[in-house]
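Sequence lines set the chain letters: A, B, ... in the order given, protein chains first and strands last, and positions in each chain run from 1.
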Number of protein chains: 2
Amino acid sequence: MSTEPQARRAAETGASFQPVKSADRTLDVLEALAASVQRPTLGELARRLGIPKSSLHGVLRTLQARGWVRVDETGTRYGLGLRALRVGAAFVETDDAVTLLAPVLDELAARFGETVHLGRLDGAEVVYLAKRESVHPLRLFSAIGRRLPAHATALGKALLAQLDEERLADLLPTPLPRLTSHTLTDLEALRADLAAIRAAGYAVDREENSEGIICVAVAVPAHRVGHPGQREASDAISISLPVSRHSDALQERIAAALLAAVA
Amino acid sequence: MSTEPQARRAAETGASFQPVKSADRTLDVLEALAASVQRPTLGELARRLGIPKSSLHGVLRTLQARGWVRVDETGTRYGLGLRALRVGAAFVETDDAVTLLAPVLDELAARFGETVHLGRLDGAEVVYLAKRESVHPLRLFSAIGRRLPAHATALGKALLAQLDEERLADLLPTPLPRLTSHTLTDLEALRADLAAIRAAGYAVDREENSEGIICVAVAVPAHRVGHPGQREASDAISISLPVSRHSDALQERIAAALLAAVA
DNA sequence: CTATTGTGTTCAGGTACGTGAACGTAGGTC
DNA sequence: GACCTACGTTCACGTACCTGAACACAATAG
C-alpha cells in the first residue's frame, strides 16, 4: 500500500522509473516551502503534501540539521534556511547561457540605460536568470530566480512563438492567468500575437505583467549558447522600460539592437 | 555496516538524532554540485561523497526527473538544474531582515551612490542576501547567495567582533585563507582589528577580499530585524567603494550613516 | 475544570529501499 | 585486434526506513 504514491507518480509522468522516495519528498518539501506565502507548520505541510506526519518529521529534522530549513522562534513554523540560497547562486554562476551572454547584457544595459533581463522557459513559466539594472531608480528587487507566466511576458512570448499549436496547447494552463488589465487571457488573441512575433522576429509586452512597464524581447538561438544540436531556443533577452519613456521609434531601435546582439 | 556513516555523522555533530539517509544524501549531492567548479560524473560524485554508485544513481535520477539536476548533452556530466534556483529566490523573498532592511538599503544607495550589501554570518562565512548596485559601472555579478570568508570582509568582521575569544577560535579555520595581499591571515592581527571594531562601532575592510575595494560595515542589532530575544546580531550592512573614491572623511560619513541607519 | 484541537514526538513492525556485484557500452591505449 | 578503464545501468538480497497509532504538551473553547 505504501508504494502506491510512487507508482502513481511514475505512471502519471509516463516514466517507467521508480524515484527514491525520501529524495523525492525532500524536493517536495523544499518546493512547498518555496511556494508558501506564510510559513507552514509540520501538520499543514503533511496535509498539503499527503505525507504522514511521522515521515515528514524525519525529513524536516534532517533538512533543519543541515541548515536548509529553519524553524520560527516558536519552534512550530518551518521556512527555508540559508543553505537553500547556495544552490541557486551556484546554478547561475555555472550556467552556460548566463556566462556567454553576460557581455551582451552589459553592452545593452550601457547602450540603452534600461533594465536588461535574460530569461528561460520552464514549462509555462519564465525564470529570470540574469539582470542588469536600469540607471533609473526603479527597483524590481532581485528578480533572479523569480518566475512569471510565460504568456504575460515578452521573454515568454518570444520563446512560446517557436512552438507549434499542439505543444502550445499542452503547455499553457487554462484559463490563462491575468496579471494586469492588459494581459492576453484569450488563447486566440495570444495565438495571433505569437504569429505577429514570428513575423517581426521580436516580442513586445505592453503592460501585460506590470502596469506601466513595456518590454521588448528576442529569443536567443540555441547554438548561440553552446547547444548546437537543439532546434528550439530556451533562452531570451529583453529590455524593459516605463511607458513614459516609450516610443515606437525607440522600440524599433531596441528590437534591432536585440536581434543584432543574438545573431 | 551500512548504518555506520549515519551513526558517525550523528556522533560528530553531537546530536543524538538519526537523519533520513536519502534526504541527507540529496542535500549532499546538491551541495557537492554547487561546490563543483566543473560538472562531475556519477562516478566522481560517488567517490567524493563516499556513496555507492548504484545508490547515487537512484538519487540523481530522481533529482533529474524533478529538474533539480540536469545532465550534459553527453549524458555523463551532472550539474544543478533550473529548479534549484527557486528555493534561493524564495528564501530571499521571505527573509525578515531582507524585507525590513530594504528601505534602509535603498536610502543608503541613493545617498552615496555606491554598492550596498546586506550579509549574514553562517559559520565562518558571510552570505550576501541583498544588494543595491552602485551607479558606477563596476559589475560585481549577482553576488546574492555568494559566500566569502568572514574574516576577509567588513561585513564578516563586524559580526565576528561580537563573539568572545573562545567562540571565535572554534569558528575560524586555521590557517585563515588569504584572498588578497591585504587579507588578515594572522589570528592575533585579526583579534586586534576586531577589538578596534568594537571600539569604533564599525568595521573596515581595506582591500582584504578584492584588490582595489574598500568596504565599511556595521552589525544590525537582532531586535532591529524582528528577533528581540537574540543577543548577537547575525546580519550586517555595508557600503563598498573603490580606493580611487575613498577618503578618510568619506569613510567617517559612511560609518555615521550606517550606524544611524541601524539604530 | 474538561474537552477539543492543535502542536511535535516516539516506537515496533512490515516493507520497500540501499547495497555490491554483475552487466552493457563507449572510448581510449597499446 | 585485444585489452583496459571509464561511463551508466540492472537486480536479488537483507537491512534500515516509512508507517500508523499512540504519546506528551500547549492553547483555546465551552
Quiz item: Taking NZ, NE, NH1 and NH2 as the nitrogens, is one of them in Arg120(B) or Glu125(B) under 4.0 Å from a carboxylate oxygen of the other?
Solution: no
Self-check item: Nucleotide nearest Pro52(B) when distance is taken to its side chain, options dG20(C), dC17(C), dG8(C)
Solution: dG20(C)
Quiz item: Among the nucleotides dT7(C), dT10(C), dC7(D), which one has an atom lying closest to any side-chain atom of Thr41(B)?
Solution: dC7(D)
Quiz item: Contact class for Ser54(B) (heavy atom, under 4.0 Å): base, sugar-phosphate, or nothing?
Solution: base
Quiz item: Want to settle it: does Lys53(B) or Tyr78(A) sit nearer the 5' end of DNA chain C, counting the closest nucleotide to each?
Solution: Tyr78(A)
Quiz item: Do Arg86(A) and Asp122(B) meet the salt-bridge criterion of a basic N to acidic O distance under 4.0 Å?
Solution: no
Quiz item: Would you say the side-chain atoms of Ser36(A) pair up with the backbone N or O of Arg39(A), donor to acceptor, closer than 3.5 Å?
Solution: no
Exercise. Considering only NZ, NE, NH1 and NH2 on the basic side and carboxylate oxygens on the acidic side, decide whether Arg167(A) and Glu232(A) come within less than 4.0 Å.
Key: yes
Practice problem: Tell me whether the OP1 or OP2 atom of dG8(D) has a side-chain N or O from Arg61(B) closer than 4.0 Å. | Solution: no
Quiz item: Do Asn209(A) side-chain atoms and Ala152(A) backbone N/O form a donor-acceptor pair below 3.5 Å?
Solution: yes
Quiz item: Do NZ/NE/NH1/NH2 and the carboxylate oxygens of Asp28(B) and Lys21(B) come within less than 4.0 Å?
Solution: no
Quiz prompt | Note: Asp235(A)-Arg224(A) ion pair, threshold 4.0 Å (strictly below) | solution = no
Quiz item: Going by distance alone, is a donor N or O of one side chain under 3.5 Å from an acceptor N or O of the other, for Arg178(B) and Thr185(B)?
Solution: yes
Exercise. Map every base of DNA chain D to its dot-bracket character, where paired means a Watson-Crick or G-U wobble contact with both distances under 3.5 Å and | marks a partner outside the strand.
Key: |.||||.|||||||||||||||||||||||
I'd like a list of close polar pairs between nucleotides 12-14 of chain C and the protein, N/O only, cut-off under 3.5 Å.
none

